[in-house]
Amino acid sequence: MANKPVYLNGHYLPIEDAHISVLDRGFLFGDGVYEVIPAYQGRLFELKAHMARLDNSLAGIRIGNPHSLDEWRDIFAPLLQDGTDQYIYLQITRGAAAKRDHLFPEQVAPTVFALSSPIPPYPARASGIKAVCLEDSRWQHCHIKAITLLANVLLRQEAFEHGGAEAILIKNGFVTEGSSSNVFAVIDGIVLTPQLNPGILDGITRQVILKIAEANHIPCHAQAISIDDLKKADEIWIASSIREIVPVVALDDQTIGGGKPGPVWQTVNRLFQAYKHSFR
Ligand code: PDD
């Protein structure tokens, strides 16, 4: 096959030949969920955690998981054959019904689509980024990794138009998460990140950071962070698959940590990179 294949409903085919119906509920309603799973030199990173979250997302929108963990692993393997650093984008929608109707269709198989893409270099990780605080305008079920990302898209675009690489979202005066990341703040030497609740995604990078911090005796708590505390933080990071742990060195018009990645980030990033390399 000349082109790198993608996976669609049981078949591997060139992306040009991968077609879905215009009646697919992902297209019509954003009725689906997704995962982004890094694979370092062909080895899937934290696959079980990603698949556990997929289970939760599917349960949250009442779609049965069409595959077991081993079946998913087998589905992804041919997409990762070249052994470089890639990520899998997996999307499952409620499928294509015979007509557009808000109600769930009966006896319609979900649409399952997966492709792999190279993990691009992210030089801003070393220098840090600017983030922009915006009001969190999203729905109340952000623990579901839904493909319905219009609010996230608008927020990210707004941040970009204010010179930011990420929007840090604020609800009722407290940080929720980034438009496509979780948020950490170092305050008085303690690493803080908001507790899990339906307003944020249970990020796998967040999970790994908490695990690394505990194993290395770095004080770290899941705790509410007010906007005032965020502004006083010594360090702020955003965390997500692909971008990994990124220092925020400017927040709106304010400099954070003297405009440079801080020492706690240096330590945690080093430990994260070592953990990641152990997966290769
Ligand atoms: N997004 N919160 C939101 C809203 C996200 O979209 C993401 C990741 C995260 C971090 O989750 P994880 O560490 O599991 O990647 C938190 C992915 C990368 C995306 O939408 O492309």
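Whatever order the structure lists them in is the order used to number ligands and atoms, beginning at 1. Each residue takes its place number in the sequence, starting with 1. The figures here come from the full heavy-atom set of this structure, side chains too, leaving out hydrogens, waters and symmetry mates.
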Legend entry - Electrostatic pair Asp202-Arg53, nearest N-O below 4.0 angstrom: no
Inset, instruction - If you have a sec, work out which protein heavy atom is nearest atom 20 (O) of ligand 1 and how many Å separate them, to one decimal? - result: Tyr34 OH, 2.5 Å
Inset, instruction - Give me the ring orientation class for Phe76 and Trp72: parallel if the planes are under 30° apart, tilted from 30 to 60°, perpendicular past 60°. - result: parallel
Inset, instruction - Around atom 6 (O) of ligand 1, find the nearest protein heavy atom and jot down its residue, atom name and distance. - result: Ser180 CA, 3.3 Å
Legend entry - Proximal ligand 1 atoms for Ala239, defined as those under 4.0 Å from one of its heavy atoms: 10 (C)
Legend entry - ligand 1 atoms in contact with Arg53 (distance to a heavy atom under 4.0 Å): 11 (O), 12 (P), 14 (O)
Legend entry - Asn197 side chain to Gln195 backbone, donor-acceptor under 3.5 Å: yes
Inset, instruction - State which residue, out of Val112, Leu90, Ile88, fulfils the side chain to side chain contact (heavy atoms under 4.5 Å, CB included) condition with Tyr7. - result: Val112
Inset, instruction - Just let me know how Asn182 lines up against ligand 1, side chain, backbone, both or neither, with a heavy-atom cut-off below 4.0 Å. - result: both
Legend entry - Residue Leu201 vicinity, atoms of ligand 1 by number, heavy atom under 4.0 Å: 2 (N), 3 (C), 5 (C), 7 (C), 9 (C), 11 (O), 16 (C)
Inset, instruction - Using non-hydrogen atoms of the residue, decide whether Tyr89 is closer than 4.0 angstrom to ligand 1. - result: no
Inset, instruction - With heavy atoms of Ser179 as the reference, note each atom of ligand 1 found under 4.0 Å away. - result: 4 (C)
Legend entry - ligand 1 contact on Ser181 by region, counting heavy-atom pairs under 4.0 Å: backbone
Inset, instruction - Verify the distance criterion only: is there a donor paired with an acceptor across the side chains of Ser226 and Asp228 at less than 3.5 Å? - result: no
Inset, instruction - May I ask you to check if ligand 1 and Ser241 share an N or O to N or O distance below 3.5 Å? - result: yes
Legend entry - Side chain proximity check, Leu201 to Lys145, heavy atoms < 4.5 angstrom: yes
Inset, instruction - Please could you name the atoms of ligand 1 that Gly203 approaches to less than 4.0 Å, counting only its heavy atoms? - result: 11 (O), 12 (P), 13 (O), 14 (O)
Legend entry - Sidechain-backbone polar pair: Ser181 side chain, Glu177 backbone, donor-acceptor under 3.5 Å: no
Legend entry - Arg125 with Glu244: basic N within carboxylate O range, under 4.0 Å: yes
Inset, instruction - Measure Lys145 to ligand 1 on non-hydrogen atoms and call it side chain, backbone, both or neither using the 4.0 Å cut-off. - result: side chain
Inset, instruction - Just need the protein heavy atom nearest to atom 21 (O) of ligand 1, so name the residue and atom and give the distance. - result: Val36 CG2, 3.7 Å
Inset, instruction - Around atom 2 (N) of ligand 1, find the nearest protein heavy atom and jot down its residue, atom name and distance. - result: Glu177 OE1, 2.7 Å
Inset, instruction - Would you kindly say whether Trp237 and Asn182 are connected by a side-chain donor-acceptor distance under 3.5 Å? - result: no
Legend entry - Under-4.0 Å heavy-atom contact with ligand 1, by part of Thr205 that carries it: both
Inset, instruction - Before accepting this row, confirm whether a basic side-chain N of the pair Glu46/Lys211 lies closer than 4.0 Å to the acidic partner's carboxylate O. - result: yes
